[in-house]
Q: 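Please read through the structure below; I'll follow up with questions.
None of the values given here were measured: they were computed from a predicted structure. Lettering follows sequence order; numbering is per chain, from 1.
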Amino acid sequence: MAFENKFIQQRIEKAEILRKVGINPYSNDAQRNTTIAKYLNVNSDVADKENARDENRHYIVSGRIKLLRIMGKASFLQIEDESGVLQIYLARDNLPEGFYNDIFKKLIEVGDIIEVAGYPFVTGQGELSLHADALKLLTKAISPLPEKFHGVTDKEIRYRKRYLDLIMNADVRKTFKIRSKVISLTRRFFEDKGFLEVETPMMHPIAGGANAKPFVTHHNALGIDRYLRIAPELYLKRLIVGGFEAVFEINRNFRNEGMDATHNPEFTSIEFYWAYKTYKDLIVITKEYFEYLFDHLDLPTQLPYGDFEVDFSKFSEIPLIESLSTIGGVPSEIVNNKEKIADFLKSKNITLKPGLTLGQLQGELFDAFVEKKLINPTFITEYPVEISPLARRSDENPDITERFELFIAGREIANAFSELNDPVDQLNRFEGQMAAKESGDDEAHEMDEDFIEALSYGMAPTAGQGIGIDRLVMLLTNEHSIRDVLLFPAMKPIHNEELNQEEEV
RNA sequence: GUCUUGUUAGCUCAGCUGGUAGAGCACGUCACUUUUAAUGAUGUGGCCGAUGGUUCGAAUCCAUCACAGGACACCA
C-alpha cells in the first residue's frame, strides 16, 4: 500500500523534520510512572489545596492525543490511555525554549502518542488536569484520526478496522472486556468444579459432533484433506472413555454456512463432559454457572435485551412436548399425531419438507410457536429422539431423549444431554444419518468408526453440554449482532483481494 | 439465497424534476496563556463504489457487478 493520501504525506514530512532536529518520532524510551485512571484517582484531593494544585507531586503519563486546543501561548490537549482520558495544560513558558512554537505547535498533532510530565492541578472549569513541564513524542501517527465529534460510525469501517473503532469508541472496549471476563470466569468456574481443561484437534479427518457443513483444508505432506472441526464433542467423549471424568474445552468451531447477525464462520463455545452425571445434574450446574457469572461480572440479574427484560434469577424447566401447548398455544390433542401436526402447520402457512417423522414435526412446532417466546432462561427438556442423534434415550420412554436446550431471549444458548453410550445404538443412529446424507441432507452426521470403537470399550454414563460463548456475550452486553462481540468478525474481501485470489487459482 | 436501504473529501453528512460538487470537523496560514466538539479570519482538499447504457450533457435516470446495513428464508 502506498501512503499517497495528502494528509499522510504531510505527516510523514513532519516525522522527517522531527528526525532532522534530533527527535525520534518512534521513540522506544517510555518513562510513564502512572496510568490516567490512577492519576485521576490519586489526585482527586488536589481541588481542595491552595490554588487547586500540588507542585510537589510529579507524574509522567502517556496516551494518544484525542483533542487539541491551541490558544496562542497555551494549549489544552486530551490524551487517552487504556484506563481513561486526561486533560493536559501546556504553556509556552513552562517548556524548554522554542519547544512550544517550533516543535509542539508545528509537529505534534491529534493521533500522536505522547508522554507528558508535570504536576496535578484543577482548571478554572473544575477539571483535574496535568500542568505539563515536558512533552515527549513516543509515536507519530501518520494517518489522521477520524472526525473528533462523530468519530467513526460506519459499521463496515468499524468491523474491518477494529483498531480504529477501538481508538474512537471507548465503549467498544467495555464489550470486549466483558467477553474476556466471561471466558476467564467460565474457565475458573469449571476448574473449581474439578474439570480438566483439554485441547482436542481442530483439524478433523471426519467432521462430526454436529449437523453442519465443514470447511475443508489440505495437508500437503500427507496429500489428504482435513476438515476444520464443527464441534469437539466426539473427541471429548473419547477422553471420557479413556478415564477422565470431567473435561472441558473452550475454543473455536468452524461452520461453512451463511453469515448473519447470529452466525460467524468461526465461533467460540465451551463444551464440557461429566462422567457419572445426567442432564439433570447439568441443569443444576448451569444455574450455578450463571449465578457465578453474574456475581463476578457485577451485573444485575435483570438485564435489558432489546425490547425484553431478561430475569436471570428466574430459570424454569419444561418438557418440549408440554411447551408446545402451554407456551406455544398448539392444541394439546394434536402434538402427538403426525397427520394432525402436518395439517396444523399447513393451516398456519408453514411449508414442510415431505416425509418428516413425528419428532421432526414436533421440532417444527417448537421452532414456529415456542422458541421466540422463551425470554427468561428456560430449559426445554425431553427432546424427541429423531432430532437428537447423539443423546441418550430415556429409560422410561424410548421416543424421547434425556436432553435439554437452554433458551434465553428467544434464542438457544446451550444444548446438553445425557450422552448416548450404547455403541450399537450409536452405530445405528450414524447409519440413519448416513441414509439422510445419501438422500441429500449434506449436514447429516458422518459415520465415525473410530468413535464407535471407542464407545465399544465402554464410556461411563456421562452428561455433556455446549454453550455458545458469542451468543452468551451478546445477551450480557445487549448486543444484537455477533459482529459486535467479535474483535475481528469475518468480512467478505474487498474487490481487489478477491481478484488476486482468483488469479492464483 | 430473496427482498430492501446505502456507497459523494481523511471522518460525519447535504446535494430536489439531469446542466460537470457543498457544509462541518480535520489539515495549511494568521490571531489568541484556563479551554471543554475552544473561538475568529483565511486557504488547500473530490475518478461522486465499479462497469456499461440512455442523453447534447449523468453524482443524479436505467442495467449489471462489488461491498455494507437491515429484514426474511435456510441452519442445532
Q: Would a distance-only check, ignoring hydrogens and angles, find a side-chain to backbone donor-acceptor pair under 3.5 Å from A:E249 to A:T200?
A: yes

Q: Does the ring center of A:Y59 lie less than 6.0 Å from the ring center of A:Y39?
A: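 Yes.
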
Q: Nearest whole Å is fine: how far is B:U12 C1' from A:L164 CG?
A: 14 Å

Q: Of the candidate nucleotides B:A38, B:U35, B:C67, which contains the atom at the shortest distance from the side chain of A:Q87?
A: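 Taking heavy atoms from C-beta onward, the closest nucleotide is B:U35.
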
Q: In whole angstroms, how far is the C1' atom of B:A73 from the CG atom of A:D367?
A: 13 Å

Q: Give A:K161 one of three labels, base, sugar-phosphate or nothing, depending on what nucleic acid heavy atoms sit under 4.0 Å from its own.
A: nothing

Q: Output the single nucleotide from B:C32, B:G69, B:C11 whose closest atom is nearest the side chain of A:I157.
A: B:C11

Q: If you compare every side-chain N and O of A:K492 against the phosphate oxygens of B:C67 (OP1, OP2), does one of them come in below 4.0 Å?
A: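 So the side chain of A:K492 is within the cut-off, an N or O lying under 4.0 Å from OP1 or OP2 of B:C67.
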
Q: Looking at A:Y119, is A:R57 sitting on its ring face, NZ or CZ under 6.0 Å from the six-membered ring centre and within 45 degrees of the normal?
A: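 Not flagged: A:R57 not positioned over aromatic ring of A:Y119.
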
Q: May I ask which nucleotide in the shown strands pairs with B:C47, Watson-Crick or G-U wobble, both distances under 3.5 Å?
A: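 Base-paired to nothing in any strand shown.
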
Q: Between A:F315 and A:F379, is the gap from one ring center to the other below 6.0 Å?
A: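 For A:F315 and A:F379, the ring centres are under 6.0 Å apart.
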
Q: Using atom P of each nucleotide, how far apart are B:A9 and B:U5 to the nearest Å?
A: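 Between the two P atoms, the distance is 22 Å.
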
Q: Give me the distance, rounded to whole Å, that separates B:C30 from B:U20 when you measure between the C1' atoms they each carry.
A: 34 Å

Q: How far, in whole Å, is B:A73 from B:A14 if one measures between their P atoms?
A: 31 Å

Q: Can you tell me which nucleotide in B:U34, B:C67, B:G69 comes closest to the side chain of A:R483?
A: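 That would be B:G69.
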
Q: Counting heavy atoms from C-beta on, name the nucleotide in B:C27, B:G10, B:A73 closest to the side chain of A:D260.
A: B:A73

Q: Could you list all the salt bridge (Lys or Arg N to Asp or Glu O under 4.0 Å) pairs where at least one residue sits in residues 113-125 of chain A, not counting sequence neighbours?
A: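 Counting only pairs at least two positions apart or across chains, the salt bridge (Lys or Arg N to Asp or Glu O under 4.0 Å) contacts touching residues 113-125 of chain A are A:E115-A:K136.
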
Q: Under 4.0 Å between a side-chain N/O of A:R69 and OP1 or OP2 of B:A38, yes or no?
A: yes

Q: Sort out the partner of B:C13 for me: Watson-Crick or G-U wobble, both distances under 3.5 Å, none otherwise.
A: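 B:G22 - that is the nucleotide pairing with B:C13, both distances being under 3.5 Å.
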
Q: For the C1' atoms, the ones on B:U12 and on B:U17, what distance do you get once it is rounded to whole angstrom?
A: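 Approximately 28 Å lies between the C1' atom of B:U12 and that of B:U17.
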
Q: Calculate the interatomic distance between A:D154 atom CG and B:C67 atom C1'; express it in whole Å.
A: 11 Å

Q: RNA chain B: A:A74 or A:T153, which has the more 5' nearest nucleotide?
A: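 Final value for this comparison: A:T153.
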
Q: Rounded to whole angstrom, note down the C1' distance from B:C47 over to B:A59.
A: 12 Å

Q: Measure from the ring centre of A:F7 to the centre of the six-membered ring in the base of B:G10, then say whether that distance is under 5.5 Å and the planes meet at under 30°.
A: no

Q: Identify whether any heavy atom of A:G151 sits under 4.0 Å from a base atom; if not, whether one sits that close to sugar-phosphate; answer base, sugar-phosphate or nothing.
A: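 The residue A:G151 makes sugar-phosphate contact but no base contact.
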
Q: Counting heavy atoms from C-beta on, name the nucleotide in B:G28, B:U34, B:C11 closest to the side chain of A:E147.
A: B:C11

Q: Rounded off to whole Å, could you give me the CG-to-C1' distance for the A:L68 and B:A26 pair?
A: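 The answer, rounded to whole Å, is 11 Å.
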
Q: Could you give the CZ-to-P distance, from A:R160 to B:G49, as a whole number of Å?
A: 17 Å

Q: Using a strict heavy-atom distance below 4.0 Å, which residues from residues 108-128 of chain A are in contact with RNA chain B?
A: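 Correct list: A:F121, A:T123, A:G124, A:Q125, A:E127.
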
Q: Considering only the P atoms, how many Å lie between B:G46 and B:U8, rounded to the nearest integer?
A: 15 Å

Q: Name the pairing partner of B:C3, where a pair is Watson-Crick or G-U wobble with both distances under 3.5 Å, or state none.
A: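 For B:C3, the partner nucleotide comes out as B:G70, under the 3.5 Å rule.
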
Q: Which whole-number value in Å describes the distance from A:D165 CG to B:G10 P?
A: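 It works out to 20 Å between those atoms.
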
Q: Output yes when at least one side-chain N/O atom of A:R158 is less than 4.0 Å from OP1 or OP2 of B:G69, else no.
A: no

Q: Does the distance from a Lys or Arg side-chain N to an Asp or Glu carboxylate O, for A:D112 and A:R64, drop under 4.0 Å?
A: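 Judged by the 4.0 Å cut-off on N to carboxylate O distance, A:D112 and A:R64 do not form a salt bridge.
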
Q: Determine: side-chain N/O of A:K66 to OP1/OP2 of B:A26, distance under 4.0 Å, yes or no.
A: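 No, because none of the side-chain N or O atoms of A:K66 sits under 4.0 Å from OP1 or OP2 of B:A26.
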
Q: Within the structure shown, what part of the strands sits under 4.0 Å from A:M491 by heavy-atom distance: base, sugar-phosphate, or nothing?
A: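 Sugar-phosphate contact only.
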
Q: Take atom CE of A:M259 and atom C1' of B:C75, then tell me their distance rounded to the nearest Å.
A: 15 Å

Q: Could you work out the separation of B:A23 and B:A66 based on their C1' atoms and round it to a whole Å?
A: 29 Å

Q: Would you classify A:I70 as touching base, sugar-phosphate or nothing, given that sugar-phosphate means primed atoms plus P, OP1 and OP2, and contacts are heavy atoms under 4.0 Å?
A: base

Q: Describe, in one word, how the ring planes of A:F76 and A:Y89 are oriented to each other, choosing from parallel (under 30°), tilted (30 to 60°) and perpendicular (over 60°).
A: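 If you compare the ring of A:F76 with that of A:Y89, the planes turn out tilted.
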
Q: For residues 362-374 of chain A, pull every pair meeting salt bridge (Lys or Arg N to Asp or Glu O under 4.0 Å), keeping only residues two or more places apart or in separate chains.
A: none

Q: Would you state whether a donor and an acceptor, one from the side chain of A:H263 and one from the base of B:C75, lie under 3.5 Å apart?
A: yes

Q: Counting just side-chain N and O atoms, does A:K148 come under 4.0 Å of either OP1 or OP2 of B:A26?
A: yes

Q: Go ahead and name the base partner of B:G52; Watson-Crick or wobble counts if both distances stay under 3.5 Å, otherwise write none.
A: B:C62

Q: On RNA chain B, check which nucleotide each of A:K106 and A:V152 is closest to and give me the residue with the more 5' one.
A: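 Closer to the 5' end of RNA chain B: A:V152.
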
Q: P atom, B:G10 versus B:C27: distance in rounded Å?
A: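 Pairwise P distance, B:G10 against B:C27, rounds to 15 Å.
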
Q: Establish, yes or no, whether a centroid distance under 6.0 Å links the rings of A:Y273 and A:Y235.
A: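 No: the rings miss the under 6.0 Å criterion.
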
Q: Using whole Å, what does the distance between atom P of nucleotide B:A37 and atom CE of A:M71 come to?
A: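 Interatomic distance, CE of A:M71 to P of B:A37: 13 Å.
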
Q: How about A:F404 and A:Y383: are their ring centroids closer than 6.0 Å?
A: no

Q: Verify side chain to side chain donor-acceptor pair (under 3.5 Å) between A:T378 and A:N376, making sure each step is shown before the conclusion.
A: CA-CA 6 Å; A:T378 307; A:N376 286 338; over 6 Å; no

Q: Does B:U29 have a Watson-Crick or wobble partner in any strand here, with both distances under 3.5 angstrom, and which is it?
A: B:A41

Q: For B:U35, give the paired nucleotide (Watson-Crick: N1-N3 plus N6-O4 or O6-N4; G-U: N1-O2 and O6-N3; both under 3.5 Å), or none.
A: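 Per the H-bond distance test, none.
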
